2 protein chains.
Amino acid sequence: MDMQFDLAQNGAFPTVPRPCPGQTCDGCTVRDRAICADLSPTDRETLSRIGRRVTVHAGQTVMWEGDDNMVVANVVDGTLKLATSTGDGREQIVGVVYASDFIGRPFGARTPHSVTALTDARLCLFPRRAFDGFARNHGALQHRLLQRTLDDLDRTRDWMLLLGRKTAREKVATFLLDMGRRLRPDRTGMIDLPLSRQQIADILGITIETVSRQMTDLKRQGVIDLCGRRGVRLVDGAALEALAEGA
Amino acid sequence: MDMQFDLAQNGAFPTVPRPCPGQTCDGCTVRDRAICADLSPTDRETLSRIGRRVTVHAGQTVMWEGDDNMVVANVVDGTLKLATSTGDGREQIVGVVYASDFIGRPFGARTPHSVTALTDARLCLFPRRAFDGFARNHGALQHRLLQRTLDDLDRTRDWMLLLGRKTAREKVATFLLDMGRRLRPDRTGMIDLPLSRQQIADILGITIETVSRQMTDLKRQGVIDLCGRRGVRLVDGAALEALAEGA
DNA sequence: CGCTTGATTGATGCCATTCAACATGGGTGG
DNA sequence: CCACCCATGTTGAATGGCATCAATCAAGCG
């Protein structure tokens, strides 16, 4: 892991990322999908003044598991991973967040898991305590946060079935279908995975070699097509569905 | 699984469990730990009139994965499991709930996972839509629900590390420590597991035989002591901690 | 007592990991 | 622009951990 390196190079997070002050909610691309969507213009303005826009670079870790919980944020742009790891370095990715998602742990003293940027990303960052105070007084915000957390919990629990009970083949097939749903293919049907093999392995709870073998197997079977490191085309979706369920 | 049997015997849930009407919040044993804790007496009274007390028997399934989402509930007494399963019958337990916990999926049309009683249990049951409506208008309730959901999400994500990255030995050790924290031992230090070997296996994502082998191994090492089907004594907690982290 | 259900133990095989070599390709500096 | 390099990905062979199949054991119960 290059976390130590990131830390040395960039310093601990809250003080680090380059702020882009002066930016308001007016041009915000996620304004009506993020948790602030239901706020009145004046409330949104108030919230906006609590926070600030920052950018983080791919590989940079935004929050560390177990640290004092200082900030929460909306993801304006980019992709980040949430992860935990064992004492001896085995890592499990417990979530991947995209534009308009919310990160951090409101109403809690500790950061439950690390947050690391997979791509360059822009965040709308709030000091946690200030955000907590604001949320307590704004039911609409709190309601959206609740909805989002309930959805996250459902998805996370579904993923437990994959981690605990599915074979490597089923895991990879499920993962590819998931990506196919989330990502827009280009005109040839090719999609560009936002994750390395190692990251895929850390999501599925298997090794990088197993990911690679399963992918080439699926290619040999004509179910998918591989192109370069990150390109995949889902040739036979129905077959993938079948394999994902254990056919 | 005897789910089909339960269904045939008792009918689909919402109409089934024997109601115990007339009971109020006054003598409720979980009143100040459940989500209703922060409500004013009059609000609590209102909420109480929306719901009703029911009892369910061990083995009975309260909600079915994928069904229309009709009810939510407070657990007054007993233990229940939340589970999902693959088409071919492999099951993964995604949560275990105890007295004062909340079950069901507010603000959602579908039940995301099944809920089954592990012991006889008493529930304070609410029609989902009515509960949703009440919650929307009561920030205190919604806030507590949010807190609880955030905690659940943290715990669930932690469990993903176990499912995805830990060995059978580590899984069993972690499970036993978790039980040791949650359950009160008797004067000899013995604790009574609320789960069968099959259920433990379904929580840890391994087979019943592997659970059994790991337990007897730990016993041979003098780390734990086994007594009957459900009795365990954690003899050497420090050693267990070490094994849980991969020593 | 037999019957049933749950738990333990044993034998065997397979899938995923591990260790290792090799390929690829994106990026950089000469 | 090409050669080189390092990170990333693929492939191979061997090991081992866990699942599977199956027999035995231990309780509870009619």
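This structure is a prediction, so every number in the text was calculated from the model and none was measured.
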Starting at [atom1] of [X] and ending at [atom2] of [N], how long is that distance when rounded to a whole Å?
X: A:Ile206; N: C:dT17; atom1: CD1; atom2: C1'; answer: 11 Å
X: A:Gln214; N: C:dC15; atom1: CD; atom2: P; answer: 10 Å
X: B:Gln199; N: C:dT5; atom1: CD; atom2: C1'; answer: 14 Å
X: B:Leu163; N: D:dC18; atom1: CG; atom2: P; answer: 14 Å
X: A:Lys219; N: D:dT10; atom1: NZ; atom2: C1'; answer: 11 Å
X: A:Asp217; N: D:dG9; atom1: CG; atom2: C1'; answer: 15 Å
X: B:Leu226; N: D:dA27; atom1: CG; atom2: P; answer: 13 Å
X: B:Leu204; N: D:dG17; atom1: CG; atom2: P; answer: 18 Å

Is [X] reaching over with its side chain to a backbone N or O of [Y], donor-acceptor style, under 3.5 angstrom?
X: A:Asn74; Y: A:Cys124; answer: no
X: A:Asp186; Y: A:Thr188; answer: yes
X: A:Ser114; Y: A:Ala83; answer: yes

Between B:Asp217 and B:Gln221, a side-chain donor and acceptor under 3.5 Å
no
Sugar-phosphate, base or nothing in reach of B:Thr216, heavy atoms under 4.0 Å:
sugar-phosphate
Of B:Ala168 and A:Glu209, whose nearest nucleotide on DNA chain D comes first from the 5' end?
A:Glu209
With respect to the phosphate group of D:dG9, does any side-chain polar atom (N or O) of A:Ser212 fall under 4.0 Å of OP1 or OP2?
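Looking at the OP1 and OP2 atoms of D:dG9, neither is under 4.0 Å from any side-chain N or O of A:Ser212.
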Side-chain N or O of B:Thr210 less than 4.0 angstrom from OP1 or OP2 on D:dC18?
no
Given [options], the nucleotide with the shortest approach to the side chain of [X]:
X: B:Ile208; options: C:dT24, C:dA16, C:dT8; answer: C:dT8
X: B:Arg229; options: D:dT8, C:dT8, C:dT5; answer: C:dT5
X: A:Arg197; options: D:dG9, D:dA26, C:dA16; answer: D:dG9
X: B:Arg213; options: D:dT10, C:dA16, C:dA11; answer: C:dA11

Which residue, A:Thr167 or A:Gly228, contacts DNA chain C at a nucleotide closer to its 5' end, judged by nearest heavy atom?
A:Thr167
Whichever of B:Arg165 and B:Met215 has the more 5' nearest nucleotide on DNA chain C, that residue is B:Met215
Taking side chain to side chain contact (heavy atoms under 4.5 Å, CB included) as the test, write out the residues that go with B:Asp120, two or more places apart.
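Result, side chain to side chain contact (heavy atoms under 4.5 Å, CB included) vs B:Asp120: B:His57, B:Ala58.
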